[in-house]
Amino acid sequence: MTDGTLVDADWLHRRLGGGVIVLDATVDRHTGPDGATVFVSGLALHTERRIPGAHFADLITGFSDPSAPFPFTRPSTAWIQEYARDLGIGEDSTVVVYDRLTGAWAARVWWVLRSAGITNVRVLNGGLTAWQAAGLPVTDGRAPAPARGDVVARPARAGFVGIERMKRIADGDDPTPAVCALRRTEYLGDPARPRSGHIPRTTSLPYADFLGPDNTLSPERTARLAAAHGLRAGAGTVLYCGGAINAAGLALAVHKIGIEDVVLYDGSLAEWRADPDLPLVTGPEDEGDGSAV
């Protein structure tokens, strides 16, 4: 697999040291005192084990707006440009992003850069797991700081929608299809658990279902799942999840098979659930028997 947005470990290994900017987008997670998941910088994991030459791309404070009320909110285009330059990205750079989990964190960086018109960006299929499975070298510590890049952010096709658009979809005033990329159990929710479930009039297509046992994406599997769900080019489908991370992974998967007009609801359920007046549905609404809560 050597074309488009996904590259394999051999492709990247042959280009290390040849001007490719390699970014590790890993995010770590802890369990808070209340049992909730807390996302934290993956820098410690990065310095413990990384691909040689890779730089840490911080999704907490670098490619997200740390002042926003919800995690992983897209920052301004000017912010994206400045942080991309800090990472050494230039006008002629080829960027490859990876993480050590399912690829969704890497996909989020890919999507954020694309939203600023920085498009020569690829994702390592299978991430660090695939790299190590191929017997390729890893190192520790931090790479020397790169020379500051000169990339210029440019107008790009809108990659995100906001809560007002989602309200119209949920109300039935906007017929655009919308898909939840969370696991099916999270989509279904639990009536006994407050503010669980999914946004009304949205269907379930988990990003996890697209992954092989090695956390790789294959065009064949993606095409089969997209066709079964009715996900197609030209529909402008809105993707969401908990914080628009798995949604970015789903966007990456379908981009590979030519469905390039999807958009992400950036606030996703983090924003939607925060407003007690906005409805959520528990149960399999896409089979016609869900209930709004």
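Count residues from 1 along the sequence.
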Applying salt bridge (Lys or Arg N to Asp or Glu O under 4.0 Å), which residue pairs with at least one partner in residues 123-151 are found, sequence neighbours left out? Glu82-Arg148, Asp86-Arg148

Can a donor-acceptor pair be found, under 3.5 Å and without considering hydrogens, that links the side chain of Ser268 to the backbone of Gly242? no

Sequence neighbours left out, what passes side chain to side chain donor-acceptor pair (under 3.5 Å) with Asp58? Give chain and number order. Thr61

Would you check if Lys256 and Thr222 make a side-chain contact, meaning some heavy-atom pair closer than 4.5 Å? no

For Asp266, which residues count as a salt bridge (charged side-chain N to carboxylate O under 4.0 Å, His left out) partner, sequence neighbours excluded? Arg108

Value rounded to 0.5 Å, distance of CG in Asp209 from CG in Leu205: 7.0 Å

Donor-acceptor pair, Thr47 side chain versus Leu43 backbone, under 3.5 Å? yes

Between the side chain of Trp131 and the main-chain N/O of Arg50, is any donor-acceptor distance below 3.5 Å? no

Contact between Val27 and Ile60 at the side-chain level, heavy atoms closer than 4.5 Å - yes or no? yes

Angle between ring planes, Trp105 versus Phe72, binned at 30° and 60°: parallel, tilted or perpendicular? tilted

Is the side chain of Arg15 donor-acceptor paired with the backbone N or O of Trp11 at a distance under 3.5 Å, no angle test? yes

What closest approach, in Å, do Gly159 and Trp111 show between heavy atoms, and which atom pair accounts for it? O-NE1, 3.2 Å

Joint cluster assignment, Phe160 & Val121, ILVMFWY side-chain distance < 4.5 Å: yes

Would you say the side chain of Val40 lies within less than 4.5 Å of the side chain of Arg29, judging by non-hydrogen atoms? no

Can Phe56 be reached from Val20 by stepping across I, L, V, M, F, W or Y side chains whose heavy atoms are under 4.5 Å apart? no

Taking all atoms of both residues into account, what is the closest heavy-atom pair of Ala181 and Leu250, and its distance? CB-CD2, 4.0 Å

Considering only heavy atoms from C-beta outward, does the side chain of Val7 approach that of Val123 to under 4.5 Å? no

Quick note, side chain to side chain donor-acceptor pair (under 3.5 Å) partners involving residues 272-281, not counting sequence neighbours, are none

Enumerate the side chain to side chain donor-acceptor pair (under 3.5 Å) contacts for residues 35-46, please, sequence neighbours excluded, ordered by first and then second residue. Asp24-His46

Rounded to the nearest 0.5 Å, the OG atom of Ser196 sits from the CG atom of Leu280 at a distance of 7.5 Å

Close side-chain approach of Leu269 to Leu182, heavy-atom, < 4.5 Å: yes

Rounded to the nearest 0.5 Å, how far apart are CG of Leu23 and CD1 of Ile51? 10.5 Å

Keeping Asp261 on the side-chain end and Ala235 on the backbone end, is there a donor-acceptor pair under 3.5 Å? yes

Reported CG-to-CG distance for the pair Leu124 and Asp8, which is rounded to 0.5 angstrom: 8.0 Å

Smallest heavy-atom separation, Thr139 atom then Pro52 atom, equals CG2-CA, 3.9 Å

Donor-acceptor pair, side chain of Gln81 and main chain of Val152, under 3.5 angstrom: no

Looking at CG of Asp65 and CZ of Arg74, how far apart are the two atoms once the value is rounded to the nearest 0.5 Å? 10.5 Å

Strictly by ring pair (Phe, Tyr, Trp, His ring centres under 6.0 Å), give each pair with a member in residues 199-223 just once, sequence neighbours left out. none

Non-hydrogen side-chain atoms of Ser115 and Ile80 separated by less than 4.5 Å: yes

Name all residues meeting the side chain to side chain donor-acceptor pair (under 3.5 Å) criterion together with Thr94; count only those two or more places apart in sequence or in a different chain, and write none if there are none. Asn120

Can Ser204 and His198 be counted as having a side-chain donor-acceptor contact under 3.5 angstrom? no

Just by distance, do the side chain of Ser93 and the backbone of Gly90 share a donor-acceptor pair under 3.5 Å? yes

So, using salt bridge (charged side-chain N to carboxylate O under 4.0 Å, His left out) as the criterion, who are the partners of Arg100 when residues are at least two apart? Glu48

If you look only at pairs with a residue in residues 231-268, which of them pass as a ring pair (Phe, Tyr, Trp, His ring centres under 6.0 Å), with sequence neighbours excluded? Trp110-His255

Heavy atoms of Pro144 and His55 approach each other most closely as O-CE1, 3.1 Å

Let me confirm one number: the OG1-CG distance from Thr102 to Asn215, rounded to the nearest 0.5 Å. 6.0 Å

According to the salt bridge (Lys or Arg N to Asp or Glu O under 4.0 Å) rule, which pairs have a member within residues 165-177, sequence neighbours left out? Glu164-Lys167, Arg165-Asp174

Any donor and acceptor pair, going by atom type alone, linking the side chain of Tyr187 with main-chain N or O of Thr282 inside 3.5 Å? no

Does Ser64 reach the main-chain N or O of Leu59 with its side chain, forming a donor-acceptor pair under 3.5 Å? yes

Which pair of heavy atoms, one from Thr176 and one from Gly236, lies closest together, and at what distance? CG2-O, 3.3 Å

Going by heavy atoms in the side chains, are Leu217 and Leu211 under 4.5 Å from each other? yes

Nearest heavy-atom contact between Arg195 and Leu278 is NH1-O, 2.7 Å

Cluster membership besides Phe70, Ile/Leu/Val/Met/Phe/Trp/Tyr side chains within less than 4.5 angstrom, sorted by chain and number, is none

Count the heavy atoms of every other residue, nucleotide or ligand shown that sit under 6.0 Å from CZ of Arg85, and state whether that count exceeds 12. yes

With Glu91 via salt bridge (charged side-chain N to carboxylate O under 4.0 Å, His left out) - residues at least two apart: Arg154

Is Glu186 close to Leu188 at the side-chain level, that is, under 4.5 Å between some pair of heavy atoms? no

